[in-house]
*Asks:* 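To start, I am sharing the structure in question, which I have written as structure tokens.
In what follows, chains carry the letters A, B, and so on, assigned in the order in which the sequence lines appear, proteins first and then strands, with residues in each chain numbered from 1. Quick caveat: nothing in here was measured; it's all calculated off a predicted structure.
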Protein chains: 6
Amino acid sequence: MKAAFPGSFDPPTLGHLNIIQRSASIFNEISVVIAENSQKSYLFSAEERLELVSALVKPWENVSVAVCTGLIVDFLKKNSIPVIIRGVRGGDFAYEFELSMMNRALNPEIETIFLTTDPAYLVIRSSAIKELASFGGNVSSMVPPEVEAALKAKFDD
Amino acid sequence: MKAAFPGSFDPPTLGHLNIIQRSASIFNEISVVIAENSQKSYLFSAEERLELVSALVKPWENVSVAVCTGLIVDFLKKNSIPVIIRGVRGGDFAYEFELSMMNRALNPEIETIFLTTDPAYLVIRSSAIKELASFGGNVSSMVPPEVEAALKAKFDD
Amino acid sequence: MKAAFPGSFDPPTLGHLNIIQRSASIFNEISVVIAENSQKSYLFSAEERLELVSALVKPWENVSVAVCTGLIVDFLKKNSIPVIIRGVRGGDFAYEFELSMMNRALNPEIETIFLTTDPAYLVIRSSAIKELASFGGNVSSMVPPEVEAALKAKFDD
Amino acid sequence: MKAAFPGSFDPPTLGHLNIIQRSASIFNEISVVIAENSQKSYLFSAEERLELVSALVKPWENVSVAVCTGLIVDFLKKNSIPVIIRGVRGGDFAYEFELSMMNRALNPEIETIFLTTDPAYLVIRSSAIKELASFGGNVSSMVPPEVEAALKAKFDD
Amino acid sequence: MKAAFPGSFDPPTLGHLNIIQRSASIFNEISVVIAENSQKSYLFSAEERLELVSALVKPWENVSVAVCTGLIVDFLKKNSIPVIIRGVRGGDFAYEFELSMMNRALNPEIETIFLTTDPAYLVIRSSAIKELASFGGNVSSMVPPEVEAALKAKFDD
Amino acid sequence: MKAAFPGSFDPPTLGHLNIIQRSASIFNEISVVIAENSQKSYLFSAEERLELVSALVKPWENVSVAVCTGLIVDFLKKNSIPVIIRGVRGGDFAYEFELSMMNRALNPEIETIFLTTDPAYLVIRSSAIKELASFGGNVSSMVPPEVEAALKAKFDD
């Protein structure tokens, strides 16, 4: 069974990698899908995020990476992927629940499954990491070294 | 008893119509109140929303529509409407609870009552519909045909 | 429009009275419905609760009291009452949401509306009041004087 | 990949069947695990539940049923099943989150994945169904006909 | 400033010790208060819990232990302790919020403060530990060795 | 023990003052820390907020005020303050929980404690107050007179 793990990955975090690793042992193939919405602004461009995530998932043979500029459900249909994977904390479940319903309304053949965020990564959100990094805070316990370097490069500009 | 159903209605959805229909059978008169806040940006202008909602509520004789550019509580006082109706899902109740307290602090004579969103419409949020429509997604199960046409016209511009 | 306010009322609290008072100004007639479930144990018998509540609602001409030993939806159908009123805090909304869906599944013509518990009564739950009273705690800010006396009588036994 | 769907199934509902059906199309093999805890009381015995569930899952070739009288994680280890499936509504996620953490603390190799309850079945809880049936309420929209008959037989005793 | 940390401690867990340790570095004196409610049933008697907790808190000079058979607020008043400490996860906050309001209604001079449960201990609840231990599950990562031995002795009876 | 009460205070509210007053009776010294983030826009400048808050906390001898333009955890370290105080309602706890975990990840020696918002102030949020004031709404029950005057001056510009 194939599954997709969609997200902004702006930047990818240790929490994302944890979900990818666990998903890769449940499903035959995992497609990490980087969402690129022209109406949102990102710290890292789609190309930069593709490069960062691609480097991080190299260890897993059954994980690939792609950029999606349209609806996730359309991407999944075109690529014959029937399952969406989402990591959830506690407080964001109501939102995730609605999102999964929305995707199901758009394509009833697509199933969303949730994995719980490992408590060790509960605290890690891309948005908070960017804010921290902008203040020069130490994010080494939250992102892989490659991402830490990329953040440093961004904010030293 | 008169009641008001305030919201942005940008655009009106099948979920809104469901709440209006159910409210119209509980209260003698329903005033659908389109909030127009000069500090927010809308996809449809207040005039367009007034036109769309007015067309949709025609079937109910006891439902009228108005635009409100100030505080809802002031609008209700001026129009002698003592009850606010709000539809709630699960995840948004904390916010709705606070909003109702705020309105009560501003005018203790105004009561907010909540109707639960019908499960069939749980997934339908105006904001998500706009995003979907901007990607060319199919929103025919979420909005009335008039609104679908209006969305198409907006995004084909 | 008629509406019912069902509950255990074991015992009735100031929070219950607050909901009754507010409901009585929205609806033409309010029926306070005391649920009596043979599989649950109560501190006050159905007769005692009927007597206590009846005494408390005397000030409102449009409020009556009844005991219901079956399904609430059946009681409402028999008495041609189309609306159920429930007071909600924040933390109990998920449960109330499901309960309202359940009642709707049993009878689609019955509508549940929610009123928010007044912050002054947020703390007042019948179960906590019974526990407090059993320890001799002062519950005078939580229940009417009649109920306080009844509790005292119960626990002095 | 094998997965287990544990629960009390007292009785099995249309909501359970919905989760089983969806799981059966994601995983190669599904084991429905009927929990039997000697400290809890059930309406239907473990044997009755085994019989009811077995009859219901016959249409799916890759679904089997078993009774578990010990810890679920031990059952999964013995049967080499690495994944637990749970259906979630919104309001019960905090509990489910903790339960999944607990199971992970007991065996880090076991992964819990969550499927959202279909809105059509949001209202259906085994406990509520039993209460309804005990009052003679109509539960035909909540359970399969076999279960409805079994409930009738129980409460006509 | 003195503070109390009330609870059932049936049995005490590593999560409890974590809260005690952190509280002991914030407040001058911590009183661990073991609640004994004659209407509840415990696995360990009040004496056993007192002994277990007393042994565990020996390392901290400013932590003492007591048993309370009445209302916590009365215990605090008698002992001139103005602050209650509670550990919270996410899902139980609504309950804890109400409990703190209740205690404040009983004695406005008493303040409840909340510490977040360390993610490492999120999974640890006394009730789950008892269930696990009754099945012979391994609870060594959830309770101190003394408590593990006490649980073993209980369930080997 | 010293403690910090960080926030935007844009503007300070009666709810803020309530938390400050209660904190000042628990801790020896309270530092009210006005966060100034160059990427956020405020109604009142950092200087205006410093002036407003300083005037309001004059009654308490053990309360001081400071502006922080960097990370709160860095401010606390430099000032040897080991405790962060946060007021919580119900609906915002999930966010506050994560924030406290984040601060702990940045500095494990810093502890966050939560006080519950007094029900009388549940409704008061700085953001809502600004919106109300911009519409000319009456905010006298939500902010001290000094702040009401400052708001009036802002919106009469």
Side-chain angles (χ1 to χ4, degrees), chain E residues 1-5 15 17-31 60 62-63 73 76 80-123, chain F residues 1-5 15 17-31 60 62-63 73 76 80-123:
Chain E
M1 179 66 56
K2 285 181 186 180
F5 179 44
L17 287 188
N18 177 258
I19 297 284
I20 292 170
Q21 176 185 30
R22 289 154 59 195
S23 304
S25 73
I26 300 178
F27 293 96
N28 297 336
E29 285 181 45
I30 299 291
S31 178
W60 296 289
N62 60 338
V63 179
V73 290
L76 267 70
S80 305
I81 303 176
V83 175
I84 294 175
I85 294 164
R86 298 287 289 175
V88 273
R89 289 165 178 78
D92 53 2
F93 187 70
Y95 168 78
E96 289 289 340
F97 188 93
E98 270 190 42
L99 196 64
S100 73
M101 295 288 167
M102 172 65 94
N103 282 329
R104 205 163 185 189
L106 292 172
N107 185 344
E109 287 166 24
I110 287 179
E111 189 69 64
T112 301
I113 67 166
F114 299 95
L115 273 71
T116 51
T117 299
D118 190 292
Y121 304 110
L122 267 185
V123 72
Chain F
M1 180 67 56
K2 286 181 185 178
F5 180 42
L17 287 188
N18 177 259
I19 296 285
I20 292 170
Q21 175 184 30
R22 290 153 61 196
S23 304
S25 73
I26 300 178
F27 293 95
N28 296 337
E29 286 181 46
I30 298 291
S31 176
W60 298 290
N62 61 339
V63 178
V73 290
L76 268 70
S80 304
I81 303 176
V83 175
I84 293 174
I85 294 163
R86 297 287 288 174
V88 273
R89 290 164 179 80
D92 53 2
F93 187 70
Y95 168 77
E96 290 289 340
F97 189 92
E98 270 189 42
L99 197 64
S100 72
M101 294 289 166
M102 173 63 96
N103 283 328
R104 206 162 185 195
L106 293 173
N107 185 345
E109 287 167 23
I110 288 178
E111 190 70 65
T112 301
I113 68 166
F114 298 95
L115 273 71
T116 52
T117 298
D118 191 292
Y121 304 110
L122 267 184
V123 71

*Asks:* Would a distance-only check, ignoring hydrogens and angles, find a side-chain to backbone donor-acceptor pair under 3.5 Å from E/Arg22 to E/Thr116?
*Replies:*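 Looks like yes, one N/O pair under 3.5 Å.
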
*Asks:* Determine the interplanar angle of the E/Phe114 and E/Phe93 rings, folded into 0 to 90°, and report it as parallel if under 30°, tilted if 30 to 60°, perpendicular if over 60°.
*Replies:*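 Answer is perpendicular, since the angle exceeds 60°.
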
*Asks:* Just give me the residue among F/Met101, F/Glu111, F/Glu96 that pairs up with chain E most often, heavy atom to heavy atom, under 4.5 Å.
*Replies:*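 Winner by heavy-atom pair count: F/Glu111.
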
*Asks:* Say whether, by atom type as modelled, one donor and one acceptor occur between the side chain of E/Asn62 and the main chain of E/Phe27 under 3.5 angstrom.
*Replies:*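 Between the backbone of E/Phe27 and the side chain of E/Asn62 there is a qualifying donor-acceptor contact (under 3.5 Å).
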
*Asks:* Given a strict heavy-atom distance threshold of 4.5 Å, which part of F/Ser100 is in contact with chain E: side chain, backbone, both, or neither?
*Replies:*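 Contact with chain E involves the side chain of F/Ser100 alone.
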
*Asks:* Among F/Thr117, F/Ile113, F/Val83, F/Ile85, which residue forms the greatest number of heavy-atom pairs with chain E at distances under 4.5 Å?
*Replies:*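 So the answer, after comparing F/Thr117, F/Ile113, F/Val83, F/Ile85, is F/Ile113.
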
*Asks:* Tell me, for E/Arg104 versus chain F, whether the close heavy atoms (under 4.5 Å) come from the side chain, the backbone, both or neither.
*Replies:*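 Just its side chain gets close to chain F.
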
*Asks:* Under the side-chain contact (heavy atoms from CB on, under 4.5 Å) rule, what do E/Val88 and E/Phe97 come out as? Steps first, then yes or no, please.
*Replies:* CA-CA 10 Å; E/Val88 273; E/Phe97 188 93; over 6 Å; no

